[in-house]
2 protein chains.
Amino acid sequence: MPEASAVVASSESGRKVTLGTQVYAALSQRLVGGELAPGEKISLRHIAETLGTSVMPVREAVSRLVADGALEVSPNKAVAVPVMTREAFCELTTVRVAIEGFAAEQAAYNHKNSDMAGIAAHDAAFRRECEAAIPDRVAALKANRNFHFALYAAADLPTLMPIITGLWLKIGPVLNLDLRLSSQRLAIGGAEAQHARAIAAVRARDGKEARAAIKQDIETTAGLIAATGRLAR
Amino acid sequence: MPEASAVVASSESGRKVTLGTQVYAALSQRLVGGELAPGEKISLRHIAETLGTSVMPVREAVSRLVADGALEVSPNKAVAVPVMTREAFCELTTVRVAIEGFAAEQAAYNHKNSDMAGIAAHDAAFRRECEAAIPDRVAALKANRNFHFALYAAADLPTLMPIITGLWLKIGPVLNLDLRLSSQRLAIGGAEAQHARAIAAVRARDGKEARAAIKQDIETTAGLIAATGRLAR
DNA sequence: TCAGCGTAAGTGTGATCACAGACCGCGGCA
DNA sequence: TGCCGCGGTCTGTGATCACACTTACGCTGA
């Protein structure tokens, strides 16, 4: 590796995490952060060069992402970010409501009181961005993501977290694509209200209410995106 | 490759599916089929030799399985089938009830009438094995698995299938471990009744009832395994 | 006979090389 | 001027080599 890469190569850290895992994390972050647009083609060698590694770790990371459905390999052997059809988007939303709703419900039952601070902090950051005069939309989406994952983590079901992460890996690109294209409005309708409702429900250990809040949060946001008519087919 | 392997090397088939995917399929089958016991160590080179390939495809398959939680890499760099604690088993059962129950419920709503034939056929095969004088337990478990997956596939939610497959990849080893060790009894208590109940509910498009049947099916089977006290910790 | 150390084999991980196939563009021909 | 064909480049995939590290066996010493 001639010159060190800024993305991987947190070279100071211990040699416990493999390069392939680091590449996977880097690609995941770009995917869920919307830096990779749907339909965009990916080249193993180009990514390897960008990240300052060889093709090997990139291959491992990409194969995992393909297995997760976060990337797609065309019959012509080209790796690309999948373009989501409206149908697939609706189906994904259905599954998200079921699984993330369940996670929220379990969080209401199983959370420790010490979990609430972090959840509330992320919600506060999200609310701050939403109510700002000139909202930083990237920061808002990041705070939103942090809020959701902190909430789900409070359910204390380790099996569930990678599953939900895989779901977000798929919606990340279309979410941020919408964000990028509709730069005039904040594509978050009443999310703050649902977040507050969810937090109150979790605090009260009311699982059904927490599930309902998350369900509405997901569905309204998904509805806004579907309404743009920007999805394929 | 000096001599052809019987496991991979379906050499007649087209060059559409990569070797890594074939190895992944082979390992998954061994895992869910219980040929790999919990705690058993595996070696990349040994598997490659067994399957008649190089380490490369095996590495890709194993990295995916590790990402899925179906395999585990110890801090000493050794890859092994995870030994499941009772706590983890209970948590996994909880998640399974939620997700597979949801899938059954959706199957009740969304299934096409043509789906029922396959589901009923697998159930019949399972019932046949259960009621046989000398039941073939491996065949019974396979029929059980086919029944569940055919049912879930009828939900027509493509996103859900890999998730459920990942769940079964984790329980496969402990399920078959129990099967192997308690060779005297058939560790399936009333599963046939729950299956019949589920089929009737799906036919009647009664989602709640279908979910309840699958929930009870999963929980009673899990309870039998947990009762053996064979789980770690 | 037993303890302890050193070497050798085996491990996963990463890099490099080799190869078949696809895609793009330039050049020649009608 | 338009169209067909061919060559070079780039793609992913698989094999082989190299390396740091762990483990375990066997030999040597007391």
Side-chain angles (χ1 to χ4, degrees), chain A residues 1-5 7-27 36 39-68 70-82, chain B residues 1-5 7-11 13-27 36 39-82:
Chain A
M1 60 189 80
E3 73 278 18
S5 158
V7 179
V8 177
S10 321
S11 45
E12 32 73 25
S13 90
R15 285 291 102 227
K16 273 292 147 272
V17 54
T18 75
L19 258 179
T21 303
Q22 296 181 44
V23 174
Y24 178 85
L27 285 181
L36 268 37
E40 185 170 342
K41 285 202 179 68
I42 296 274
S43 157
L44 297 193
R45 287 173 175 84
H46 184 265
I47 291 185
E49 189 180 1
T50 302
L51 267 51
T53 73
S54 91
V55 198
M56 284 284 329
V58 179
R59 193 201 303 203
E60 175 186 330
V62 166
S63 79
R64 279 170 57 182
L65 287 168
V66 168
D68 292 344
L71 289 180
E72 209 177 37
V73 45
S74 332
N76 22 308
K77 304 278 194 178
V79 180
V81 183
Chain B
M1 58 190 82
E3 71 279 18
S5 158
V7 180
V8 176
S10 320
S11 46
S13 90
R15 284 288 104 228
K16 272 293 145 272
V17 55
T18 75
L19 259 180
T21 304
Q22 296 181 45
V23 174
Y24 179 84
L27 285 182
L36 268 36
E40 184 171 341
K41 287 201 182 68
I42 70 173
S43 152
L44 297 192
R45 287 173 176 84
H46 184 263
I47 291 185
E49 189 180 0
T50 302
L51 267 51
T53 73
S54 89
V55 287
M56 282 284 330
V58 179
R59 191 200 304 200
E60 175 186 329
V62 166
S63 79
R64 278 169 58 181
L65 287 167
V66 168
D68 292 344
L71 290 180
E72 209 176 38
V73 44
S74 330
N76 24 309
K77 303 279 194 177
V79 179
V81 183

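This one's a predicted model, so the numbers in the text were calculated from it and none came from an experiment. So you know, we letter chains A, B, ... as the sequences are listed, proteins then strands, and number each from 1. Reckoned from all heavy atoms, side chains included, excluding hydrogens, waters and symmetry mates.
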Return the polar atom pairs (N/O with N/O) between nucleotides 6-8 of chain C and the protein under 3.5 Å, or none.
none

Quiz item: Would you say S54(A) reaches dT16(C)'s phosphate, i.e. side-chain N/O to OP1/OP2 under 4.0 Å?
Solution: no

Quiz item: When rounded to the nearest 0.5 angstrom, what is the spacing between CZ in R64(A) and CG in D68(B)?
Solution: 8.5 Å

Practice problem: Pull out every residue in residues 55-63 of chain B that has a heavy atom closer than 4.0 Å to any atom of DNA chain D, ordered by number, or say none. | Solution: V55(B), M56(B), P57(B)

Quiz item: Given atom CD of E49(A) and atom P of dA15(C), what is their separation to the nearest angstrom?
Solution: 14 Å

Quiz prompt | Nucleotide of dT11(D), dA15(D), dA15(C) approaching S43(A) most closely (side-chain heavy atoms) | solution = dT11(D)

Quiz item: Starting at CG of L19(A) and ending at C1' of dG12(C), how long is that distance when rounded to a whole Å?
Solution: 13 Å

Practice problem: Ignoring backbone atoms, establish whether N76(A) has a side-chain N or O less than 4.0 Å from OP1 or OP2 of dC23(C). | Solution: yes

Quiz item: Can you check the R45(B) CZ to dC19(D) C1' distance for me, whole Å?
Solution: 11 Å

Quiz prompt | Protein-nucleotide distance (K41(B), atom NZ; dG12(C), atom P), rounded to Å | solution = 11 Å

Practice problem: Take atom CG of L65(A) and atom P of dG12(D), then tell me their distance rounded to the nearest Å. | Solution: 14 Å

Quiz item: Could you give the distance from CD (E60(A)) to OG1 (T21(A)), rounded to the nearest 0.5 Å?
Solution: 6.0 Å

Quiz item: Can you check the K77(B) NZ to dA20(D) P distance for me, whole Å?
Solution: 13 Å

Quiz item: Tell me: CD1 of I47(B) to C1' of dT11(C), nearest whole Å?
Solution: 13 Å

Practice problem: Report the distance from atom CD of E40(A) to atom P of dT11(D), rounded to the nearest whole Å. | Solution: 14 Å

Practice problem: Tell me, please, which residues at least two apart from R59(A) pass side chain to side chain contact (heavy atoms under 4.5 Å, CB included). | Solution: L44(A), M56(A), M56(B)

Quiz item: Nearest 0.5 Å, what's the CG-CG distance between L65(A) and L36(A)?
Solution: 10.0 Å

Quiz item: What nucleotide among dG12(D), dT13(C), dA15(D) has an atom nearest to a side-chain atom of L44(B)?
Solution: dT13(C)

